[in-house]
Amino acid sequence: MKSGWMLAAAVLAASIALAGRALAQATPAAAPITSGSPQAVDAIRKLKAAATSYKENSMSYSGEDSDLGLYYGRKASDAQMLIDRLKQGESITTDQLKKALTSPGAERFGGD
């Protein structure tokens, strides 16, 4: 049961990473995403999916690999912070969004 759940989480994380890469290729590096814009609505949708995936990964790695669990917990917090900023009327950059949607640091801890 856990392996099926972890496979689903890995598939979701991979699709989020692909979305982050596509976003990085489609937009200028530091273009602002303005609160209330169609880009912000799309960013919030992607960030919510990422935060959910990161939280699930954090819980699944909390016992067997606590460093990786903490990493994903931090990624979930970072994604939620950007969601909150957009909902409060602030802007974020595409660089910030890209960083929140990818998890290259997980490789340091043995993750995907």
Side-chain angles (χ1 to χ4, degrees):
M1 177 72 178
K2 185 175 179 180
S3 63
W5 181 82
M6 289 178 68
L7 177 62
V11 169
L12 179 59
S15 65
I16 291 168
L18 287 174
R21 288 184 193 116
L23 176 69
Q25 293 172 354
T27 57
I33 298 173
T34 308
S35 179
S37 70
Q39 294 86 0
V41 172
D42 188 50
I44 289 171
R45 180 185 57 77
K46 290 176 183 176
L47 287 165
K48 283 182 179 180
T52 299
S53 176
Y54 294 147
K55 287 176 190 174
E56 290 171 353
N57 284 340
S58 177
M59 288 186 288
S60 70
Y61 288 112
S62 63
E64 62 189 68
D65 189 344
S66 61
D67 288 341
L68 192 54
L70 290 171
Y71 172 80
Y72 280 118
R74 175 62 190 255
K75 292 294 291 182
S77 295
D78 291 347
Q80 186 60 52
M81 179 192 67
L82 292 178
I83 292 168
D84 293 344
R85 287 182 56 194
L86 286 168
K87 286 183 174 183
Q88 293 171 0
E90 297 178 35
S91 295
I92 64 171
T93 66
T94 54
D95 283 347
Q96 290 171 314
L97 180 61
K98 178 184 171 189
K99 183 177 177 183
L101 295 178
T102 58
S103 52
E107 293 173 2
R108 289 188 309 224
F109 305 110
D112 304 324

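Source: prediction; values computed, not measured.
Of all heavy-atom pairs spanning T34 and A40, the tightest one is O-CB, 3.3 Å. Smallest separation of non-hydrogen atoms from P104 and Y71: N-OH, 3.8 Å. Between A100 and A50, the closest heavy-atom pair is O-CB, 4.4 Å. For the pair R85 and Q96, the tightest heavy-atom approach, listed with the atom from each and the gap, is NH1-NE2, 3.3 Å.
A distance of 16.0 Å separates NZ of K48 from OG of S53, quoted to the nearest 0.5 Å. The distance from atom CG of L47 to atom CG of L82, rounded to the nearest 0.5 Å, is 5.5 Å. With rounding to the nearest 0.5 Å, the separation of CG in N57 from NZ in K75 is 11.5 Å. One finds the CG atom of L86 at 8.0 Å from the OG atom of S37 (value rounded to the nearest 0.5 Å). Atom CE of M81 sits about 9.0 Å away from atom CD1 of I92, to the nearest 0.5 Å. To the nearest 0.5 Å, atom OG of residue S103 and atom CG of residue L68 are 9.0 Å apart.
A donor-acceptor pair under 3.5 Å is absent between the side-chain atoms of K87 and the main chain of S35, judged by distance alone. Checked by atom type and distance alone, the side chain of S58 pairs as donor or acceptor with a backbone atom of G69 at under 3.5 Å.
Looking at V41, L97, D42 one by one, the single match for side-chain contact (heavy atoms from CB on, under 4.5 Å) with I33 turns out to be L97.
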From CA spacing to verdict: salt bridge (charged side-chain N to carboxylate O under 4.0 Å, His left out), R74, D78: CA-CA 6 Å; R74 175 62 190 255; D78 291 347; 3.0 Å; yes
